[in-house]
Protein chains: 2
Amino acid sequence: MPALSTRQQIVEKADALFYAGGFEATSFADIAAALGISRGNFYYHFRTKDEILDAVIDRRMENTRAMLGNWAEEDDAPKDRILSFVRILVTNRTKIMAFGCPVGTLSTELAKLDHAAHGRAAEIFAMYREWLSDQFRAGGQGDRADSLAMHLLGRVQGVAVMMTAFPDEDFIRREVGEIEIWLGTLFEPDIRN
Amino acid sequence: MPALSTRQQIVEKADALFYAGGFEATSFADIAAALGISRGNFYYHFRTKDEILDAVIDRRMENTRAMLGNWAEEDDAPKDRILSFVRILVTNRTKIMAFGCPVGTLSTELAKLDHAAHGRAAEIFAMYREWLSDQFRAGGQGDRADSLAMHLLGRVQGVAVMMTAFPDEDFIRREVGEIEIWLGTLFEPDIRN
DNA sequence: ACAGAATTAGGTCATTTGTCCTAATTAATC
DNA sequence: GATTAATTAGGACAAATGACCTAATTCTGT
């Protein structure tokens with residue numbers, strides 16, 4: 001009784017390899033070899049590369065949904081929930097410096113490939129957008145909520161891109177710090193000078 | 001007497017194809033076919049794919065240097081120079097929505113491929129960083145100049161990434177507008193309320 | 001224990017990849 | 001005009017790719 005089904009193992013490994021090496025550059029053989037399974041076995045579970053990509057995106061959406069749910073459970077205040085999001089830049093800094101943001105890099109790669117799944121990859125972004133939008137709305141930002149969500153997503157994506165070019169921990173902390181200050185002024189409007 | 005040498009044509013086409021389709025996904029055959037030249041001719045000018053990449057990066061660095069120089073010539077005020085940089089988001093919005101930022105996407109792709117040229121791609125970023133840093137310093141930002149340059153680069157990169165996922169012109173103009181306001185407060189410190 | 005379904009192994013196939021070679025053609029130099 | 005150098009054409013090559021098939025094995029329900 002394996003801890004994970006072969007299919008789950010394939011999706012998990014493909015997820016990691018797509019992130020670390022890119023979708024196009026990762027081959028069937030790479031995934032099968034990394035798992036120690038035969039190509040035939042692989043083909044039984046996924047007939048085309050696009051099917052694996054679909055399954056990987058499904059997995060990422062589930063994981064994202066779970067993570068966003070956890071952040072909402074851990075903190076009651078919208079501001080603290082949003083801070084949990086921002087701090088993944090620090091938590092995952094090592095991987096981001098090496099491979100960028102999994103969401104952003106997949107989206108841009110599929111855009112270049114003109115891949116049919118680009119829209120699905122953008123849906124992962126949309127999940128973050130809506131969740132952040134909900135938090136800003138709950139924090140009393142009303143109509144600005146969605147704009148603020150997009151703005152914050154962009155800020156975080158930008159830091160992630162810069163991290164791969166300049167792996168500088170000080171830069172990360174400085175940017176995260178500035179975002180925290182910005183959130184502070186947003187959620188305590190009577191303290192702005 | 002051709003307007004461009006074969007070698008120049010190859011580099012130019014490779015540049016465009018690498019941007020629109022990615023480095024890994026663009027093959028020798030793609031470039032040769034797009035130019036209508038034979039593979040043998042191609043091989044005469046570039047023996048390996050890495051050589052083409054190097055030439056493309058050289059070209060981009062030259063073009064970038066020229067563009068930054070032009071912006072410096074067109075405007076005397078550091079703030080206006082920096083605005084020229086920010087507004088490429090609007091000027092090139094169609095291509096960015098389709099393929100992202102050429103600098104950022106190449107950097108992240110080469111990072112994932114663990115490619116030797118990743119450092120050279122980051123040098124293009126470094127050119128922008130230093131140029132922006134010079135402008136901020138000329139604008140009286142002193143020690144903060146480099147931090148501000150990195151911050152602004154990140155802001156622009158973030159908008160570019162979001163544009164590929166959400167091709168929304170309003171978002172672009174909103175973000176560019178906010179950056180302009182931010183620059184305004186930076187360069188006119190006595191007007192902050 | 002056994003039949004049927006699910007899963008896995010191993011190999012095949014046409015195509016494409018990056019790399020490379022040789023012969024032909026064009027351009028430059030004396 | 002002859003000789004040499006630079007450039008181009010048109011393949012060839014092994015390796016890798018995504019896709020596919022069949023036979024063997026393992027699991028499942030009865």
Side-chain angles (χ1 to χ4, degrees), chain A residues 1-57 59 106 109-110 112-118 120-121, chain B residues 1-57 59 106 109-110 112-118 120-121:
Chain A
M1 50 189 78
L4 288 174
S5 73
T6 301
R7 188 193 155 88
Q8 281 175 313
Q9 281 183 296
I10 291 175
V11 175
E12 209 167 278
K13 187 62 78 175
D15 189 347
L17 290 180
F18 286 173
Y19 174 41
F23 169 69
E24 179 82 6
T26 302
S27 70
F28 276 20
D30 289 335
I31 305 170
L35 287 172
I37 66 173
S38 68
R39 282 154 295 169
N41 185 2
F42 195 108
Y43 186 69
Y44 172 76
H45 292 282
F46 297 97
R47 302 186 78 80
T48 72
K49 208 178 172 185
D50 292 353
E51 274 184 43
I52 316 172
L53 178 59
D54 263 345
V56 166
I57 293 178
R59 175 188 150 87
L106 182 65
E109 181 178 3
L110 295 184
K112 277 184 199 290
L113 296 177
D114 204 17
H115 196 287
H118 178 225
R120 301 207 59 225
Chain B
M1 51 188 80
L4 288 174
S5 72
T6 303
R7 188 194 155 89
Q8 281 175 315
Q9 281 184 295
I10 291 174
V11 175
E12 209 167 276
K13 187 62 78 175
D15 189 349
L17 291 180
F18 286 173
Y19 174 41
F23 169 69
E24 179 81 6
T26 302
S27 70
F28 275 23
D30 290 335
I31 304 169
L35 287 173
I37 67 172
S38 67
R39 283 154 294 171
N41 188 1
F42 196 108
Y43 186 70
Y44 172 77
H45 294 282
F46 297 98
R47 301 185 79 77
T48 71
K49 207 179 174 185
D50 291 352
E51 274 183 42
I52 315 171
L53 178 59
D54 263 345
V56 166
I57 293 178
R59 175 186 150 86
L106 181 66
E109 180 178 4
L110 295 184
K112 276 184 200 291
L113 297 178
D114 204 16
H115 196 288
H118 178 225
R120 299 206 60 224

| Between A:L113 and B:G21, what is the shortest heavy-atom contact and its length? |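 A:L113 and B:G21 have their closest heavy atoms at CD2-O, 4.0 Å.
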
Spacing of [X] atom [atom1] relative to [N] atom [atom2], expressed in whole Å:
X: A:F42; N: D:dC21; atom1: CZ; atom2: P; value: 17 Å
X: A:F46; N: C:dA6; atom1: CZ; atom2: C1'; value: 16 Å
X: A:Q8; N: C:dT7; atom1: CD; atom2: P; value: 12 Å
X: B:L35; N: D:dT7; atom1: CG; atom2: P; value: 16 Å
X: A:F28; N: C:dT12; atom1: CZ; atom2: C1'; value: 16 Å
X: B:I37; N: C:dT25; atom1: CD1; atom2: P; value: 19 Å
X: B:R7; N: D:dA6; atom1: CZ; atom2: P; value: 15 Å

| request: Could you tell me which residues satisfy side-chain contact (heavy atoms from CB on, under 4.5 Å) with B:S38, sequence neighbours excluded, listed by chain and number? | output: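 B:S38 satisfies side-chain contact (heavy atoms from CB on, under 4.5 Å) with B:N41 once adjacent residues are dropped.
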
| Residues that B:D30 engages under salt bridge (Lys or Arg N to Asp or Glu O under 4.0 Å), provided they are two or more places apart |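 None.
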
| Mind checking what makes salt bridge (Lys or Arg N to Asp or Glu O under 4.0 Å) contact with B:E51, not counting sequence neighbours? |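 For B:E51 there are no salt bridge (Lys or Arg N to Asp or Glu O under 4.0 Å) partners, ignoring immediate neighbours.
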
| Which nucleotide sits closest to the side chain of A:K49: C:dA6, D:dT8, D:dA19? |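 The listed nucleotide nearest to A:K49's side chain is D:dA19.
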
Is the shortest side-chain N/O distance from [X] to OP1 or OP2 of [N] below 4.0 Å?
X: B:Y44; N: D:dT7; answer: yes
X: B:T6; N: D:dT7; answer: no
X: A:H45; N: C:dT8; answer: yes
X: B:N41; N: D:dA9; answer: yes

Could you run down the sub-3.5 Å N/O contacts of the protein with nucleotides 20-23 of chain C?
{"from": "C:dC20", "atom 1": "OP2", "to": "B:Y43", "atom 2": "OH", "distance (Å)": "3.1"}
{"from": "C:dC20", "atom 1": "O5'", "to": "B:Y43", "atom 2": "OH", "distance (Å)": "3.4"}

| request: Would you mind telling me which of B:L35, B:V56, B:D15 makes a side-chain contact (heavy atoms from CB on, under 4.5 Å) with B:I10? | output: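 When B:L35, B:V56, B:D15 are each tested with B:I10, the side-chain contact (heavy atoms from CB on, under 4.5 Å) holds only for B:L35.
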
| Is the closest side-chain heavy-atom distance between A:R120 and A:L53 below 4.5 Å? |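 A:R120 does not reach A:L53 side chain to side chain.
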
| task | For residues 33-55 of chain B, pull every pair meeting ring pair (Phe, Tyr, Trp, His ring centres under 6.0 Å), keeping only residues two or more places apart or in separate chains. | result |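 Of all non-adjacent pairs touching residues 33-55 of chain B, those that pass ring pair (Phe, Tyr, Trp, His ring centres under 6.0 Å) are B:F28-B:F42.
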
| query | Counting distance only, does the side-chain N/O of B:K112 pair as donor-acceptor with the main-chain N or O of A:Y19 below 3.5 Å? | reply |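 Checking the backbone N and O of A:Y19 against the side chain of B:K112, a donor-acceptor pair under 3.5 Å is found.
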
| query | Hey, can you pull the residues of residues 16-27 of chain B with a non-hydrogen atom under 4.0 angstrom from DNA chain D? | reply |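 Residues of residues 16-27 of chain B under 4.0 Å from DNA chain D: none.
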
